[in-house]
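Can you read through this structure? Questions will come right after.
The figures here come from the full heavy-atom set of this structure, side chains too, leaving out hydrogens, waters and symmetry mates.
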Amino acid sequence: MQRFGLCVAIGFLGALANTASWAGESPPEPGSATVTIRAGERAEHPIPRYITGKFCEHLFNNISNGMDSQILRNPTLADWPFWTGSMTPDGVTVFESDATKIDGQLRQQAARLGWPDKARDAMVRVRADALACWWIPEGGREAVATRPDTGPHGGRAQRVEVAAAGQGIAQWTWLPLHRARKYEVEILARSPEIGSLTVGLWPPEGDRPGAEAVLGGLSNDWKWLRGTLEVDPQMPAEGAYRFTVAADGPGQLVIARALLRPADHVGGADPDVIRLLKESKLPLLRWPGGNFVSGYHWEDGIGPLDQRPARPNYAWGGVETNFFGTDEFIAFCRAVGCEPMICINAGSGTPEEAARWIEYCNGPADSPQGRKRATAGHPEPYNVRHWEIGNELWGRWQYHWTTAAGYVDRYRQFAPAMLAADPDIVLYACGAPAMWGKAWNDRLIRDTASSLRRITDHPLIGGDVPRVTDPMDVFRDFMAVPDVLAGKWAGLRRAMEAAGIESPRLAVTELQMFAHLGPRGSDDKERLEGDNLVSPGTLAEALYDVLIYHRAIRQAPFVEMVTHSATVNHGGGLRKERERVYAQPCHHAQTAFAEFAGATPVQIEYRSPEEQAPMVLPDLKNAAPECRYESLDALAAVAADGSLLVSLVNRGSAGPLSLAMEIKDFDAASAAQLRTLSADVPWAVNRLESPNAVAPVDSTVEVAEGKITLDLKPYTVARLKIPARAR
């Protein structure tokens with residue numbers, strides 16, 4: 001057993017324990033730590049390859065205007081619903097109806113997007129003219145009349161009537177001009193009177209376009225008009241540009257789709273996002289939810305784009321274009337080099353719908369659904385192995401949420417139907433969070449033990465924290481959470497084994513720090529604000545994630561998967577602002593830890609000073625009476641190439657640690673590679689204007705007769721790679 005003071009934790013199951021070896025002894029000197037690695041004592045199970053997975057969801061700008069390279073907002077010209085932040089009793093978003101509040105949200109979001117004041121004002125004014133949200137008239141409100149209309153396969157389109165050539169509609173947007181000057185345009189439109197459209201990109205200032213193209217062939221029949229725009233290299237790379245769609249003369253037209261992509265896209269995906277995820281050796285990506293999936297019907301997202309219906313996003317507000325569906329998700333995974341995991345709709349969906357989805361992905365080309373896939377240009381099956389039956393159906397925010405018994409009923413309907421579609425898939429049952437969901441999990445385990453093998457956990461731990469709290473106390477609490485969580489996982493494993501489940505497994509399919517600011521009061525002693533609250537975008541998330549990885553590996557093979565939240569503009573990971581993509585600290589930490597996949601853990605013992613969790617996080621306080629933990633946390637493993645990997649986290653807040661490491665049973669080379677990620681405060685974060693403020697630093701350290709000395713700053717995660725001596 002590993003010693004964590006009053007926290008509950010567990011070492012390798014049926015293998016080796018990582019140990020903090022000073023139990024019963026006096027604690028180490030302040031600021032000092034020791035590590036002993038016994039490389040000859042190896043664990044039975046290698047480190048699972050899915051530990052550093054990710055999760056993506058149709059939430060705000062995670063996929064649309066995130067993973068997807070399509071630049072324009074509301075490219076389907078749909079009616080745009082705004083979320084109030086409330087849900088109906090059924091778990092469906094309540095949309096805003098107050099015009100004043102909608103106008104306020106429009107202005108706020110346009111300001112965040114960096115659009116000029118005149119664009120914000122124009123967009124608010126023309127909502128009354130039924131012009132689709134995020135679009136403005138080109139040529140003046142008085143000269144351009146806009147009304148709702150209907151697209152070729154139903155759904156909303158935009159009618160535009162102009163008095164003269166050069167008039168139409170426009171949208172302000174940022175372009176990835178740092179890497180691409182050429183752009184692809186697609187317009188789905190018809191007109192009984194106008195023969196061509198001129199599309200253009202106009203710079204922030206100036207009276208001439210930076211790029212312009214004429215799209216001819218417009219007629220009264222619906223037609224895709226396609227062309228390219230190449231921005232003049234003399235035009236500025238910074239600032240919002242105006243994308244315009246203008247008629248060649250007076251008359252009327254109806255537009256159903258308007259898309260703009262940089263020509264360097266990767267199968268429709270953002271190339272910077274693909275590059276960074278590929279460099280991170282991402283093993284697995286979970287999609288499409290998240291809360292979104294409980295209202296998602298996958299058949300909306302296949303087939304030609306003009307036939308895919310735009311729907312309200314019933315989980316988060318806004319519009320779901322359905323442009324990023326199953327085929328696009330698989331293409332994205334293949335471009336990154338990761339495996340796909342699909343979470344099916346067990347909220348408003350049906351078992352038959354789930355079975356059809358599996359057949360679409362895995363069935364032969366002559367099966368009913370496989371034929372549809374083949375028609376879309378993909379004759380070979382996708383062979384998606386990992387399927388999750390629903391998302392957080394215990395939560396009131398989930399569309400068609402239910403009770404524990406209700407989920408058992410659904411699981412018994414969905415699992416057989418899904419396995420009938422493909423008996424080789426791996427199923428994951430929707431568990432409640434291990435920190436508090438024992439009653440749900442016990443009922444699920446008891447009633448489905450004969451068919452259950454895998455259960456999921458979403459440790460989104462934190463809660464509302466009073467603003468009078470010391471920001472460092474929030475950090476200290478989060479550093480204790482993995483130890484408490486490990487004990488909960490051990491209890492879950494024991495419950496599954498006691499029910500007769502052979503070789504049970506746990507998949508952590510969402511993970512991130514989840515503390516929120518409490519309501520603002522009148523107290524002038526408030527210390528906690530958004531800028532000093534440790535959150536998924538901060539350095540603290542990097543430390544937290546690696547601590548979770550350590551706990552998962554110590555419970556091998558029970559914890560077999562972690563899919564961290566999330567890819568882009570959601571939780572921690574990548575950010576995309578103004579078409580620039582950059583990494584947050586946790587992305588760097590996950591990239592470094594990906595080296596451990598497939599390595600074999602070895603015995604490690606360490607000593608370091610303890611800290612006390614102040615218990616300011618509501619979720620932690622409810623789960624444990626108190627918790628002490630060591631400043632240092634460590635894990636070691638032998639990689640396939642024979643090198644020794646060591647993961648170190650200084651989660652202490654008292655200062656740097658002077659670390660003395662001794663390696664036994666391993667003939668080490670004279671130098672090791674060290675990668676560190678650190679900052680002066682745990683709430684340090686990368687921003688658009690400083691994307692590398694928190695970035696990994698590589699260096700070399702000496703190995704002398706199997707010994708290494710290091711100084712680890714507080715709030716540091718480090719990875720050592722120690723090659724074996726060449727023979």
(request) Check Val694 against Ala679 and note the closest heavy-atom contact, atom names and distance. (result) CG2-CB, 4.3 Å
(message) Angle between ring planes, Tyr296 versus Phe292, binned at 30° and 60°: parallel, tilted or perpendicular?
(response)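 Correct class here is tilted.
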(message) For a 4.5 angstrom cut-off between non-hydrogen side-chain atoms, does Lys118 reach Asp121?
(response)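 Counting from C-beta outward, Lys118 and Asp121 never come under 4.5 Å.
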(request) Just do the salt bridge (Lys or Arg N to Asp or Glu O under 4.0 Å) check on Lys576 and Asp270 with the steps written out, would you? (result) CA-CA 10 Å; Lys576 183 176 178 180; Asp270 186 294; 2.8 Å; yes
(message) Suppose the criterion is side chain to side chain donor-acceptor pair (under 3.5 Å): which pairs have a residue in residues 134-143, not counting sequence neighbours?
(response) Asp129-Arg141, Glu138-Arg242
(message) When you measure from the side chain of Asn391 to the backbone of Gly290, do you find a donor-acceptor pair of N or O atoms at a distance under 3.5 Å?
(response)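 Such a contact is found between Asn391 side chain and Gly290 backbone.
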List, one per line, each side-chain donor-acceptor pair under 3.5 Å for residues 322-332, sequence neighbours excluded.
from	atom 1	to	atom 2	distance (Å)
Asn322	ND2	Pro309	O	2.6
Thr326	OG1	Trp357	NE1	3.0
Asp327	OD1	Tyr360	OH	3.1
Asp327	OD1	Tyr382	OH	2.7
Asp327	OD2	Tyr360	OH	2.8
Glu328	OE1	Arg308	NH1	3.2
Glu328	OE1	Gly325	N	2.9
Glu328	OE2	Arg308	NH1	3.4
Glu328	OE2	Arg308	NH2	3.0

(request) Name all pairs fulfilling the side chain to side chain donor-acceptor pair (under 3.5 Å) condition that reach into residues 196-214, sequence neighbours left out, sorted by first residue then second. (result) Ser196-Asp248, Trp202-Thr244
(request) Could you pull out the closest heavy-atom pair between Ser191 and Gln252, with the gap in Å? (result) OG-O, 2.5 Å
(request) Measure the CG-CG distance between Asp68 and Asn61 for me, rounded to the nearest 0.5 Å. (result) 11.0 Å
(request) Flag yes if more than 12 heavy atoms outside Glu279 fall under 6.0 Å of its CD atom; otherwise flag no. (result) yes
(message) On a heavy-atom basis, which atom in Ala240 and which in Trp172 lie closest, and how many Å separate them?
(response) O-CZ3, 3.3 Å
(message) Test your reading of the model: is there a side-chain donor-acceptor pair from Lys182 to the backbone of Leu229, 3.5 Å cut-off?
(response)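 Side chain of Lys182 to backbone of Leu229, a donor-acceptor pair under 3.5 Å: no, none is there.
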(request) Give a yes or no on whether a salt bridge exists between Glu184 and Arg226, defined as a side-chain N under 4.0 angstrom from a carboxylate O. (result)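 Salt bridge between Glu184 and Arg226, a charged N being under 4.0 Å from a carboxylate O: no.
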(message) Show, in sequence, the C-alpha distance, side-chain angles and deciding distance for Ile187 and Arg257, and conclude whether the side-chain contact (heavy atoms from CB on, under 4.5 Å) test is met.
(response) CA-CA 6 Å; Ile187 307 287; Arg257 301 284 189 269; over 6 Å; no
(message) Please check this pair: side chain of Gln398 against backbone of Ser294, looking for a donor-acceptor N/O pair closer than 3.5 Å.
(response) no
(request) May I ask you to test the Asp79-Pro148 pair for a side-chain heavy-atom distance under 4.5 Å? (result) no
(request) Check whether any side-chain heavy atom of Leu511 lies under 4.5 Å from a side-chain heavy atom of Asp545, and answer yes or no. (result) yes
(request) Provide the closest heavy-atom pair for Thr228 versus Ala213 in the form atom of the first, atom of the second, distance. (result)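 Minimum heavy-atom separation between Thr228 and Ala213: O-CB, 3.4 Å.
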(request) Say whether Trp83 and Gln105, considering side chains only, have a donor N or O and an acceptor N or O under 3.5 Å apart. (result)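 On atom types as modelled, these side chains do not qualify, holding no pair under 3.5 Å.
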(request) Give a yes-or-no answer on whether the side chains of Ser64 and His58 include a donor-acceptor pair shorter than 3.5 Å. (result) no
(message) Distance alone, cut at 3.5 Å: any donor-acceptor contact between the side chains of His564 and Glu541?
(response) yes
(message) Could you check whether any side-chain heavy atom of Val681 comes within less than 4.5 Å of a side-chain heavy atom of Thr538, counting everything from C-beta outward?
(response) no
(message) Please check: side-chain N/O of Tyr314 versus main-chain N/O of Arg311, any donor-acceptor pairing under 3.5 Å?
(response) no
(request) With side-chain contact (heavy atoms from CB on, under 4.5 Å) as the test, would you mind laying out the steps for Arg575 and Val568 before giving the verdict? (result) CA-CA 5 Å; Arg575 289 286 186 273; Val568 186; over 6 Å; no
